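Below is one structure; the comments refer to it alone.
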Amino acid sequence: MPALDPTESEFGSTAEAEAYDAWFRTKVREALDDPRSGIPHEQVMAEMQAIIEGKAKPQA
């Protein structure tokens, strides 16, 4: 497999890029096929905002 130019790809070879692509597509398919219900966007955003605000407070 030819080496890839690091200015064009984060992978060292086309084999690495293809392996990552296959892994990623599998993970996406698993997520799409997951029968569990999702978390509403508003809930996730509220939880993340609380974390951000908690981090922003000065530590005593």
Side-chain angles (χ1 to χ4, degrees):
M1 292 286 163
L4 299 176
D5 183 342
T7 62
E8 296 177 8
S9 176
E10 63 188 277
F11 301 103
S13 68
T14 54
E16 287 178 14
E18 290 168 358
Y20 176 80
D21 183 65
W23 170 84
F24 185 79
R25 289 175 184 274
T26 298
K27 291 296 184 181
V28 169
R29 177 53 41 207
E30 289 172 358
L32 291 171
D33 292 342
D34 190 336
R36 295 176 293 179
S37 62
I39 302 170
H41 176 77
E42 293 78 18
Q43 179 182 343
V44 173
M45 294 306 292
E47 291 173 8
M48 293 302 106
Q49 189 62 41
I51 290 171
I52 292 167
E53 289 172 1
K55 299 286 184 185
K57 292 180 181 175
Q59 302 294 324

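Here the structure is a predicted model, which is why all the values come from computation and not from measurement.
- For residues 32-48, the salt bridge (Lys or Arg N to Asp or Glu O under 4.0 Å) pairs, not counting sequence neighbours, are Arg29-Asp33, Asp34-Arg36.
- When the salt bridge (charged side-chain N to carboxylate O under 4.0 Å, His left out) test is applied to Glu53, no partner is found at least two apart in sequence or on another chain.
- Grouped with Ile52 in a hydrophobic cluster is no other residue, since no side-chain heavy-atom contact under 4.5 Å to another Ile, Leu, Val, Met, Phe, Trp or Tyr is found.
- The aromatic rings of Tyr20 and Trp23 are tilted relative to each other, their planes meeting at an angle between 30° and 60°.
- Every side chain to side chain contact (heavy atoms under 4.5 Å, CB included) that Met45 has, sequence neighbours left out, goes to His41.
- Counting non-hydrogen atoms of neighbouring residues, nucleotides and ligands closer than 6.0 angstrom, the CG atom of Leu32 exceeds 12 such neighbours.
- Rounded to the nearest 0.5 Å, atoms OG1 (Thr14) and CG (Asp21) are 12.0 Å apart.
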